[in-house]
Amino acid sequence: MRLPLPKSIRWKVGLPVILLGTVLGFAIGFYSYQNTIETAKETAKEKIKTAMTFTKASREYVRSTLRPKIDELLASGCSKEDFILEGQSSSFFTASIFKKVSEELPNFSLRQVAFNPLNPKDEPNELEAGVINFMRNSTHREYSDIVNYRGERYFVYASAVVPDSSCLRCHGQVQNMPKVIQALYKPQRDLNWEVGKVQGAVMVFVPFESTVLKAQLTGLYRGLSIFGIFLLLTLFILISLDRLVFKPIERLERKAEEIAKGNVDEPVDITSDDEIGKLAEAFERMRVSIKKVMDLLK
């Protein structure tokens with residue numbers, strides 16, 4: 001069944017304008033909403049990468065600079081200790097720094113996990129073990145994804161822990177471990193980490209739900225704002241068309257009907273010099289001509 005088309009020009013023009021404004025407003029508003037969420041996700045990932053880059057740099061600094069320097073100092077007899085945990089353990093060093101960082105960025109969480117860890121607290125859970133095995137069984141040394149962790153969804157970024165020969169001092173055989181390490185952790189078995197093989201991972205977690213929820217609220221506000229702007233713009237266009245085009249045409253229509261009935265004494269109002277005004281001038285000339293003819297006939 002074919003729907004009846006509106007006869008009024010006002011509706012012939014107004015309906016498409018309303019539909020176009022609504023569709024464009026909704027489409028652009030929805031795009032802005034989605035884009036806000038995606039931008040928030042990417043921003044969170046970039047923050048995690050920044051934190052991870054800092055962590056990796058800290059671990060490497062301990063391995064390449066602090067540990068050898070402290071070894072030299074200890075060998076010179078400057079201390080009775082055989083290992084300075086705070087300066088020679090890359091894991092302890094980065095965890096201590098990240099603890100300070102997390103005070104400024106409370107949503108960030110750092111986990112340093114490994115198979116056969118020195119500290120039992122660093123034993124990986126099922127999720128973390130899966131990430132380590134993924135990097136073990138592939139050429140990838142980094143991993144990022146959105147995962148379920150502790151009953152919630154998190155952004156996670158992981159970097160592989162690959163031991164070098166210096167790591168075996170604390171993660172090799174118990175008898176070769178520094179006395180400080182033996183006294184602190186009391187290892188019951190040899191750890192026997194393998195040089196060059198992925199043994200664990202440094203993992204940074206950021207809550208996904210809170211990040212996305214905040215982005216959704218921001219995106220919804222922006223989307224509705226854009227949609228509202230388009231609706232206001234559509235309304236402005238319709239009001240302008242009504243005042244500048246449709247109402248003047250209706251007045252000319254009524255005037256034409258009066259002239260057709262023989263009422264030719266009142267002049268046609270000419271209120272503008274645009275196309276509508278020129279049409280009114282044409283009606284006025286027609287009225288004057290008809291009046292002259294009617295006067296002659298009298």
Side-chain angles (χ1 to χ4, degrees), residues 48-79 81-99 101 109-145 147 156-205:
I48 294 175
K49 288 182 180 180
T50 300
M52 183 60 71
T53 300
F54 172 79
T55 301
K56 289 167 65 177
S58 299
R59 292 175 65 88
E60 183 58 32
Y61 179 73
V62 171
R63 286 184 180 183
S64 62
T65 304
L66 275 183
R67 186 182 296 165
K69 189 65 178 178
I70 294 176
D71 281 340
E72 290 179 13
L73 293 174
L74 294 178
S76 68
C78 70
S79 172
E81 301 291 340
D82 61 348
F83 190 82
I84 307 299
L85 183 66
E86 293 81 0
Q88 290 182 277
S89 170
S90 59
S91 298
F92 189 92
F93 184 86
T94 53
S96 299
I97 292 178
F98 206 91
K99 183 178 180 180
V101 173
S109 174
L110 175 72
R111 283 276 292 164
Q112 300 183 100
V113 294
F115 295 128
N116 294 328
L118 188 61
N119 188 341
K121 294 180 180 179
D122 295 334
E123 189 76 39
N125 58 32
E126 183 178 355
L127 166 65
E128 295 161 344
V131 173
I132 296 172
N133 283 323
F134 168 79
M135 292 188 288
R136 268 189 171 184
N137 299 324
S138 68
T139 58
H140 298 283
R141 291 297 176 263
E142 294 183 347
Y143 173 92
S144 62
D145 201 359
V147 300
V156 62
Y157 193 93
S159 177
V161 172
V162 182
D164 58 22
S165 58
S166 66
C167 297
L168 300 186
R169 184 180 178 188
C170 296
H171 299 279
Q173 296 180 344
V174 174
Q175 62 183 8
N176 296 328
M177 294 180 185
K179 294 179 181 179
V180 171
I181 295 296
Q182 293 185 41
L184 180 62
Y185 294 109
K186 298 178 175 58
Q188 300 299 312
R189 67 184 189 283
D190 295 338
L191 303 183
N192 294 326
W193 284 18
E194 297 181 41
V195 173
K197 182 179 180 180
V198 175
Q199 186 67 33
V202 180
M203 308 179 73
V204 178
F205 294 86

Colleague: Measure the spacing between OG of Ser91 and CG of Asn119 and express it to the nearest 0.5 Å.
Modeller: 9.5 Å

Colleague: Between atom CD1 of Ile97 and atom OH of Tyr61, what is the distance when rounded to the nearest 0.5 Å?
Modeller: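 Between Ile97 CD1 and Tyr61 OH, I get 10.0 Å after rounding to 0.5 Å.
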
Colleague: Quick check: do Cys170 and Phe83 have side-chain heavy atoms less than 4.5 Å from each other?
Modeller: yes

Colleague: Could you check whether any side-chain N or O of Asp164 sits under 3.5 Å from a backbone N or O of Ser166, counting only pairs where one atom can act as donor and the other as acceptor?
Modeller: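 Yes; at least one donor-acceptor contact below 3.5 Å.
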
Colleague: Do Val131 and Glu128 come within less than 4.5 Å of each other through their side chains, counting heavy atoms only?
Modeller: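 They are not in side-chain contact.
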
Colleague: Using the rule given for side chain to side chain contact (heavy atoms under 4.5 Å, CB included), can you reason through Lys197 versus Val162, listing the C-alpha separation, both sets of side-chain angles and the distance that settles it, and then say yes or no?
Modeller: CA-CA 6 Å; Lys197 182 179 180 180; Val162 182; 6.0 Å; no

Colleague: Does a side-chain heavy-atom distance below 4.5 Å link Ser90 with Arg67?
Modeller: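 Result yes, sub-4.5 Å side-chain heavy-atom pair found.
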
Colleague: So which heavy atom on Gln173 is nearest to which on Asp190, and how close?
Modeller: CA-OD1, 3.4 Å

Colleague: Mind listing the closest non-hydrogen atom pair of Gly87 and Leu66 along with its distance?
Modeller: O-CB, 3.4 Å

Colleague: Evaluate Val195 against Leu168 for side chain to side chain contact (heavy atoms under 4.5 Å, CB included), listing each step before the verdict.
Modeller: CA-CA 8 Å; Val195 173; Leu168 300 186; 3.6 Å; yes

Colleague: Look up atom CD in Glu60 and atom OG1 in Thr94, then write down how far apart they are to the nearest 0.5 Å.
Modeller: 12.0 Å

Colleague: Are any of the side-chain heavy atoms of Ser144 and Ile48 separated by less than 4.5 Å?
Modeller: no

Colleague: Could you tell me whether the side chain of Arg141 and the main chain of Ala160 form a donor-acceptor pair under 3.5 Å?
Modeller: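 Such a contact is absent between Arg141 side chain and Ala160 backbone.
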
Colleague: Report the distance from atom CG of Leu191 to atom NE2 of His171, rounding to the nearest 0.5 Å.
Modeller: 7.0 Å

Colleague: Distance check, rounded to the nearest 0.5 Å: Phe115 atom CZ versus Asn133 atom CG?
Modeller: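 So the gap between those two atoms works out to 4.0 Å.
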
Colleague: Mind listing the closest non-hydrogen atom pair of Val198 and Met135 along with its distance?
Modeller: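 Answer, listing the atom of Val198 first, then Met135: CG2-O, 4.0 Å.
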
Colleague: I want to check something: taking the side chain as every heavy atom from C-beta on, are Pro187 and Met177 in contact at a cut-off of under 4.5 Å?
Modeller: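 Touching, per the 4.5 Å side-chain cut-off.
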
Colleague: Say you draw a straight line from CD of Gln112 to OG of Ser159; how long is it, rounded to the nearest 0.5 Å?
Modeller: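 So the CD of Gln112 and the OG of Ser159 are separated by 10.5 Å.
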
Colleague: Looking at Gln199, Met203, Lys121, which hits side-chain contact (heavy atoms from CB on, under 4.5 Å) with Val113?
Modeller: Met203

Colleague: Provide the closest heavy-atom pair for Ala201 versus Ala158 in the form atom of the first, atom of the second, distance.
Modeller: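 That would be CB-CB, 4.5 Å.
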
Colleague: Do Asn176 side-chain atoms and Arg169 backbone N/O form a donor-acceptor pair below 3.5 Å?
Modeller: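 Not a single qualifying donor-acceptor pair exists.
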
Colleague: Answer whether the closest heavy-atom distance between the side chains of Tyr157 and Thr53 falls below 4.5 Å.
Modeller: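 They are not in side-chain contact.
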
Colleague: Hey, is the main chain of Pro117 close enough, under 3.5 Å, to the side chain of Glu123 for a donor-acceptor pair?
Modeller: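 Flag not set: sc Glu123 to bb Pro117 has no pair under 3.5 Å.
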
Colleague: Compare all side-chain heavy atoms of Arg63 with those of Cys167 and state whether any distance is below 4.5 angstrom.
Modeller: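 Counting from C-beta outward, Arg63 and Cys167 do come under 4.5 Å.
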
Colleague: So do the side chains of Met52 and Glu142 get within less than 4.5 Å of each other, counting heavy atoms only?
Modeller: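 Sidechains of Glu142 and Met52: no contact.
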
